[in-house]
Amino acid sequence: MVRCISVLGSTGSIGRQSLAAAERLGIPVCALSAQRSVKLLEEQARRFSPRLAAVYDADAARALRIALADTETKVVSGPEGLVEATAIAESDCVVTAVSGSVGLKPTLAAIDAGKRIALANKETLVCAGELVMARAQARGSEIIPVDSEHSAIFQSLGSRLRAPHLKRILLTASGGPFRGMTRAETYHKTPAEAVAHPNWSMGAKISVDSATMMNKGLEFIEAMRLFGVTPEQITVLIHPQSVVHSAVEFCDGSVVAQMAVPDMGLPIQYALTFPDRAPTGTAPLDLFSAGSLQFFEPDMENTPCLALAIDAARRGGTAPAVLSAANEAAVALFLQGEIPFGKIYECVAAALDSIETGTADTLDTILAADALARNYVLRNH
Ligand code: MG
């Protein structure tokens, strides 16, 4: 079990659940960070007494500094503040629960400091997976996936990222709130409809990604990077019950799956207790009441974002970075009411068509591709 954690993105859904896990397990919290949610961050700081609280937004940081003036918590701001919260000496584990490619630099800082990464920021591995995994190996930093599917794959592999006899990954997907609908039927769906997920309670960005199935596409690339497999070694299965969180097939035909009630508390906690386990306090899985478990092939025609992501995975280089950044920009526009739901796919497809992609061997190349893709979507939607 880890000794002390830093939580990046502590006011989001995964961040709040990470703090709940830390409290349950008696793990101290030495740094918190958020974009700008001053009120909740103040509450968290008073409850966990971290040495550091990082707020990305400068005005929000000033407000928090005043609010926490009577405490021992030091308030820092900006991208440097995020890196400071990551590299803080007391922590041996960083939970990367920020959403989007803003998580990339702090994740690399945590790796350079040799800490365990409880990785909940999939965009980092999507846009810079090869770089991040190579750096983690060189620095001896453990990467433990928090994404429920990747935690399931990790557990099914015997709690390791590399398994010599692994043949195939079976990546499960609930299908999201619009499963069974055509593109025409979902084109004008509202943000409120898109974020109403049937099985999982999550933040807005990832909920929209689940509705477009881009989330599964990003997870496809995340799985390639984490477990060192090719696109041909990953099969996506629609599994509406969200009981099997993913599975692996070995060369002898043996399939090992991980099952549990759909609750992020478990994969979050496992990333902190690994290689041990502890009770979570959530309801146990009751297979009698779960009833039948179903598995279907994905409908690529009506969830084109998934097809687009798999295509970007095959292209490799900076194509996944362009895909992920264009998607982030398009999802933000959709949540602001600027574009219809169906336009998210069109924006990402257009960015991938228009932006030249190349090798993704340096951080600068990846960040440049990311910026080009965002600007393209903002200019051309
Ligand atoms: Mg997931």
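Note that the numbering runs from 1 along the sequence shown for the chain. Numbering of ligands and ligand atoms starts at 1, following listing order.
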Note to self: Ring-plane angle category for Phe341 and Phe334, please: parallel below 30°, perpendicular beyond 60°, tilted otherwise.
What the structure shows: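 Because their plane-to-plane angle is over 60°, the rings of Phe341 and Phe334 count as perpendicular.
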
If you look at [X], which of its N/O/S atoms is nearest to the Mg ion (ligand 1)?
| X | result |
| --- | --- |
| Glu219 | OE2 |
| Asp147 | OD1 |
| Glu149 | OE1 |

Check: Just one of Arg168, Lys167, Arg314 clears the salt bridge (charged side-chain N to carboxylate O under 4.0 Å, His left out) bar with Glu232, so which one?
Finding: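 Among Arg168, Lys167, Arg314, the one that satisfies the salt bridge (charged side-chain N to carboxylate O under 4.0 Å, His left out) with Glu232 is Arg314.
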
Next item on the list: For the pair Arg46 and Glu42, find out whether any cationic side-chain nitrogen is under 4.0 Å from an anionic carboxylate oxygen.
Entry: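 Yes.
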
Note to self: Under the criterion side-chain contact (heavy atoms from CB on, under 4.5 Å), I'd like the reasoning laid out for Lys189 against Phe178: C-alpha separation, chi angles, the key distance, then a yes or no.
What the structure shows: CA-CA 9 Å; Lys189 289 288 183 192; Phe178 304 151; 3.6 Å; yes

